Amino acid sequence: MPTITEQTKLTNASLSIARVTATPMVVEASFEGQPVEFSLCLVAVETRDGRIGHGLTAITEEEVVATAINAVAAPALLGENAMAHERIWEKLYWLLAPRGQTGYALHVIAAIDLALWDLKGKVLGQPVWRLLGAARDRTPVYATFGFDSIERDRLGEAAKEAVSRGFTRLKMTVGNKALSRRDEPRPIGAVIAEDALRIRAVRQAVGDEVELFLDANCGLDPLHAQRLARSVEECGITFFEEPITQNDAPQMAALRRAVRIPLACGQNEGLLYRFRDLLLAGAVDVLQPNVAITGGLTQCLRVAALAQAFNTPIANGGAWTFHNMHLHAGVAHGGLVEYHLPVVAIYEALFRGVPRAEGGWLALPEAPGFGFEPDPDAVRDFAARPLSGGRGKH
Ligand SMILES: [Mg+2]
């Protein structure tokens, strides 16, 4: 019989990282009867004893992130203990972003960190949300349904359809990429005038009982974000997400003082100091770390604690629902999870064992790790599809 110390050494040896692989892919699914596709980077971390954890990242250039993982991060992680998520986070930070650079590096860290948490859950036989503290076993969700691709005269019906499925909180996009498509050109004033009509159409369709959220995906400048927010104040908006370009903290704070609608952002930020700056500036009512983008669960736990110190709620923005639900169920300071309907369809096309929301709530799985697994046939098919930049990057 080995002693406890000898047994621990044996376990640690078997949990050392033997392989890290990243696969960029375009996943296709169906939403509202139309094909939708999202590009993402799926990461697998394998231990010496053959256990595998999976993570992902998206809303970036997946080929670049996959290359950085396969060529730079993977060789550096061989032999590391897969349970040492803090040690590995720190090692990747100093390897990839040593002067505080953000961007692709934090997507790399996010995808690998998620794979490590999936692995940790499998090793310990527990779902990730329970490892984080199991503050609750189900999370409230809001459904993201109202995209630019849906014409205004169909938008009310689409909203009612979501309500009939049990959703009591609905999010719609506004701004329609006004700043990123200035080459077309489209007057930004016309874009927000149409937005106001669309918001009123949805509010009229669903009545006053349903909560309504807006998301400009960083697509407006402060002037037009303010004009839009003021023009729909009577619609009772719960929060306005990423209202202005670059999540500029002083400008967000000025906007927040100028309008009566609560503001939210953070889903595309990488480093912790950016969240500190947003909080110190009084820039947000709701902070939105995203585990698939903001340096993984390890860093989002830090963001959640920081937000708690400022008595500022957190909520999921930027989708990737079924990874983020573990954060929001795990910690007491967790909040709403974004049930992004096209991204839910993407998960269902790529993974087995994905849960479904019922009555506006998402019950957390009992299976170890994240509780769902990539379908090998789907991975092979979607990895073979050609990638092109700019698709499905909500
Ligand atoms: Mg968003």
Side-chain angles (χ1 to χ4, degrees), residues 26-40 58-64 103-104 107 144-159 170-203 212-232 235 237 240-248 251-252 254-255 258-259 261 263-265 267-269 293 317-319 338 340-343 346 385-394:
V26 178
V27 181
E28 188 178 308
S30 173
F31 171 67
E32 291 258 308
Q34 302 290 323
V36 289
E37 55 183 23
F38 280 75
S39 54
L40 58 87
I59 321 186
T60 181
E61 296 305 326
E62 285 70 21
E63 308 95 315
V64 176
Y104 297 138
H107 285 270
T144 300
F145 83 102
F147 301 95
D148 310 334
S149 57
I150 304 176
E151 295 295 330
R152 193 204 319 158
D153 59 4
R154 284 186 46 235
L155 202 54
E157 277 310 306
L170 302 180
K171 190 167 86 182
M172 56 188 288
T173 60
V174 296
N176 198 3
K177 303 178 179 65
L179 288 181
S180 64
R181 290 194 195 150
R182 280 180 286 191
D183 56 333
E184 285 188 5
R186 293 175 302 162
I188 193 166
V191 172
I192 61 166
E194 171 64 16
D195 283 334
L197 295 173
R198 291 167 63 86
I199 294 163
R200 288 192 197 105
V202 171
R203 175 52 82 204
L212 196 52
F213 303 69
L214 307 180
D215 187 350
N217 293 307
C218 293
L220 294 171
D221 57 31
L223 172 67
H224 291 91
Q226 179 178 318
R227 274 173 54 186
L228 174 60
R230 285 186 170 168
S231 73
V232 296
C235 290
I237 305 300
F240 186 1
E241 177 174 314
E242 289 192 330
I244 59 170
T245 182
Q246 298 175 346
N247 300 324
D248 183 291
Q251 291 189 338
M252 283 283 295
L255 178 64
V259 301
I261 296 177
L263 303 185
C265 74
Q267 66 187 65
N268 290 301
E269 297 296 337
I293 300 165
E338 179 177 17
H340 188 291
L341 295 174
V343 168
I346 293 292
R385 288 164 55 86
L387 286 161
S388 71
R391 290 193 294 185
K393 297 185 188 302
H394 287 275

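For clarity, every value in this text was computed on a predicted model and none was experimentally measured. Atom set for the values below is all heavy atoms of this structure, side chains included, hydrogens, waters and symmetry mates excluded.
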Kindly indicate whether the side chain of [X], heavy atoms from C-beta on, has any atom under 4.5 Å from the side chain of [Y].
| X | Y | result |
| --- | --- | --- |
| Phe145 | Met172 | yes |
| His224 | Val191 | no |
| Val232 | Val174 | no |
| Ser231 | Ile192 | no |
| Arg154 | Glu32 | yes |
| Leu228 | Phe240 | yes |
| Met252 | Ile244 | yes |
| Phe38 | Ile59 | no |

Where [X] and [Y] come nearest, the two heavy atoms and their spacing:
| X | Y | result |
| --- | --- | --- |
| Ile293 | His107 | CG2-CE1, 3.6 Å |
| Leu170 | Ala159 | CD1-O, 3.8 Å |
| Ala178 | Ile188 | CB-CG1, 3.7 Å |
| Gly175 | Leu220 | CA-CD2, 3.9 Å |
| Arg200 | Cys235 | CG-SG, 3.9 Å |
| Ser39 | Glu62 | OG-OE1, 3.0 Å |

Working to the nearest 0.5 angstrom, can you tell me the gap between [X] [atom1] and [Y] [atom2]?
| X | Y | atom1 | atom2 | result |
| --- | --- | --- | --- | --- |
| Lys171 | Ile237 | NZ | CD1 | 12.5 Å |
| Asp248 | Asp221 | CG | CG | 12.0 Å |
| Gln246 | Glu269 | CD | CD | 10.0 Å |
| Leu223 | Gln251 | CG | CD | 11.0 Å |
| Ile150 | Gln34 | CD1 | CD | 10.0 Å |
| Ile261 | Leu255 | CD1 | CG | 9.0 Å |

With no hydrogens and no angle check, is any side-chain donor or acceptor of [X] less than 3.5 Å from a backbone partner on [Y]?
| X | Y | answer |
| --- | --- | --- |
| Arg227 | Ala193 | no |
| Glu242 | Gly219 | no |
| Glu241 | Asp215 | no |
| Arg181 | Asn176 | no |
| Thr173 | Gly146 | yes |

*For Gln267 and Glu338, what are the C-alpha separation, side-chain angles and deciding distance, and is it a side chain to side chain contact (heavy atoms under 4.5 Å, CB included)?*
CA-CA 11 Å; Gln267 66 187 65; Glu338 179 177 17; 5.5 Å; no
_Which label fits Phe31 and Phe147: parallel for a plane angle under 30°, tilted from 30 to 60°, or perpendicular past 60°?_
perpendicular
*Counting only heavy atoms not in Glu151, do more than 12 fall under 6.0 Å of its CD?*
no
